[in-house]
Amino acid sequence: MIKIPERIERIMEELRGLYKLRVFEDKDPYRVLIRTILSQRTRDENTDQATLKLFNKYPDMEDVALAPQDKLEKLVKSAGFYRVKSKRIKEVSHILMDDYNGVVPDTMEELLKLPGVGRKTANCVLVYAFEKPAIPVDTHVHRISNRLGLVNSKEPDKTELELEKIIPKTYWIELNDLMVQFGQDICRPIGPKHEECPLAEICDYYQDILNQK
DNA sequence: AAAACGGGGGC
DNA sequence: GCCCCAGTTTT
């Protein structure tokens with residue numbers, strides 16, 4: 001059983017070897033924010049399609065703020081949860097115009113005040129728009145961190161706190177994206193591909209499975 | 001703590 | 001056809 005710091009280094013190096021860090025071609029904070037809200041509980045392809053259609057028709061914050069609700073719903077439909085999401089992006093746009101002078105805030109405290117923005121979304125904006133170190137914890141990061149024995153946590157918020165204590169800051173910006181790719185590809189929620197996994201030998205979850213046989 | 005929100009893809 | 005999924009808010 002290797003120590004945590006070595007374990008982290010091993011994990012991050014393997015993930016770096018397996019995947020490339022994907023960055024939004026459009027780092028505009030407003031667009032990152034809206035795209036991230038649309039991405040909640042939603043796969044990339046569907047998010048991308050919805051985001052594209054939305055900004056094609058309503059390119060700016062003001063356009064979205066003034067757009068009719070039913071038009072927005074139609075445009076973002078493919079992202080799922082489309083009624084609540086369309087309402088939130090419209091409301092967020094309004095609030096940013098009215099209370100923030102059209103500027104997306106770059107602090108956790110202010111971001112959390114916006115409707116539809118929780119810790120995961122706020123951290124995504126901090127990382128992907130402002131390039132500030134933060135660790136967005138979604139279900140992939142939550143699951144993988146627990147399986148690999150980095151944390152022992154039932155809730156994503158607790159996972160985030162624990163990760164922030166043990167992960168060197170140099171890894172923060174890439175951790176979420178690399179783990180998401182790993183989680184879709186190999187360390188899947190159901191039916192993880194242990195045979196293909198380069199981390200199986202240091203994985204608590206896999207070792208438990210071996211021991212049960 | 002649990003429910004509600006949802007279209008799209010895997011099988 | 002059935003089941004699951006890159007969260008957040010409301011009950």
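Note on naming: letters A, B, ... go to the chains in the order of the sequence lines (proteins, then strands), and numbering restarts at 1 for each one.
Shown here are the salt bridge (charged side-chain N to carboxylate O under 4.0 Å, His left out) partners of A:D204, two or more places apart in sequence or in another chain: A:R7. Take A:H94 and apply the side-chain contact (heavy atoms from CB on, under 4.5 Å) test, not counting sequence neighbours, and it matches A:A65, A:D98. Looking at residues two or more places apart in sequence or on another chain, you find a side-chain hydrogen bond (donor to acceptor under 3.5 Å, both in side chains) between A:K85 and A:T42. Judged as a side-chain hydrogen bond (donor to acceptor under 3.5 Å, both in side chains), and not counting sequence neighbours, the contacts of A:R143 are A:H140. Shown here are the salt bridge (charged side-chain N to carboxylate O under 4.0 Å, His left out) partners of A:R10, two or more places apart in sequence or in another chain: A:E14, A:E201. Every side-chain contact (heavy atoms from CB on, under 4.5 Å) that A:K57 has, sequence neighbours left out, goes to A:L75.
Between the side chains of A:Y128 and A:N176, at least one donor N or O sits under 3.5 Å from an acceptor N or O. Checked by atom type, the side-chain pair A:T159/A:S153 shows a donor-acceptor distance below 3.5 Å. Looking at A:S93 and A:E62, their side chains never bring a donor and an acceptor atom within 3.5 Å of each other.
Hydrophobic clustering, defined by side-chain heavy atoms of Ile, Leu, Val, Met, Phe, Trp and Tyr closer than 4.5 Å, leaves A:L52 isolated from every other such residue. A:L21 shares a hydrophobic cluster with A:V23; the chain of contacts runs through ILVMFWY side chains whose heavy atoms sit under 4.5 Å apart.
With hydrogens and angles disregarded, a donor-acceptor distance shorter than 3.5 Å links the side chain of A:Q181 to the backbone of A:K20.
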Map every base of DNA chain B to its dot-bracket character, where paired means a Watson-Crick or G-U wobble contact with both distances under 3.5 Å and | marks a partner outside the strand.
-> |||||.|||||

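Both A:E155 and A:T42 lie near DNA chain B, and the one whose nearest nucleotide falls closer to the 5' end is A:E155.
Taking atom CG of A:L38 as the reference point, atom C1' of B:dC5 lies 14 Å away to the nearest angstrom. Rounded to whole Å, the distance from CD1 on A:I190 to C1' on C:dC2 is 13 Å. If you take CG of A:D48 and P of B:dG7, they are 19 Å apart, rounded to a whole angstrom. Note: NZ (A:K53) to P (B:dG7) measures 13 Å, nearest angstrom. Across the protein-nucleic acid pair, A:D185 atom CG and C:dC5 atom C1' stand 16 Å apart, rounded to whole Å. B:dG7 atom P lies 17 Å from atom CD of A:Q40, rounded to whole Å.
Listed by residue number, the members of residues 73-92 of chain A with any heavy atom below 4.0 angstrom from DNA chain B are A:K77, A:S78, A:A79, A:G80, A:F81, A:Y82, A:R83, A:V84. Within residues 107-125 of chain A, the residues approached by DNA chain C to less than 4.0 Å at the level of any non-hydrogen atom are A:L114, A:P115, A:G116, A:V117, A:G118, A:R119, A:K120, A:T121, in residue-number order.
Judged by a 6.0 Å distance limit and a 45° cone about the ring axis, A:R31 is positioned over the six-membered ring of A:F55.
Using a 4.0 Å heavy-atom criterion, one finds that A:P156 contacts no nucleic acid atom at all. Nucleic acid contact for A:R35: none, since no nucleic acid atom lies under 4.0 Å from a heavy atom of the residue.
For B:dA3 and C:dC4, the P atoms lie 15 Å apart once the distance is rounded to whole Å. Spacing between C:dT8 and B:dG8 at atom P, rounded to whole Å, works out to 22 Å.
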In sequence, state the C-alpha distance, the side-chain angles, and the governing distance for A:E110 and A:K113, and then conclude on salt bridge (charged side-chain N to carboxylate O under 4.0 Å, His left out).
-> CA-CA 5 Å; A:E110 292 300 318; A:K113 292 179 183 170; 3.0 Å; yes

For nucleotides 9-11 of chain B, print each protein N/O atom paired with a nucleotide N/O atom at under 3.5 Å, atom names and distance only.
none

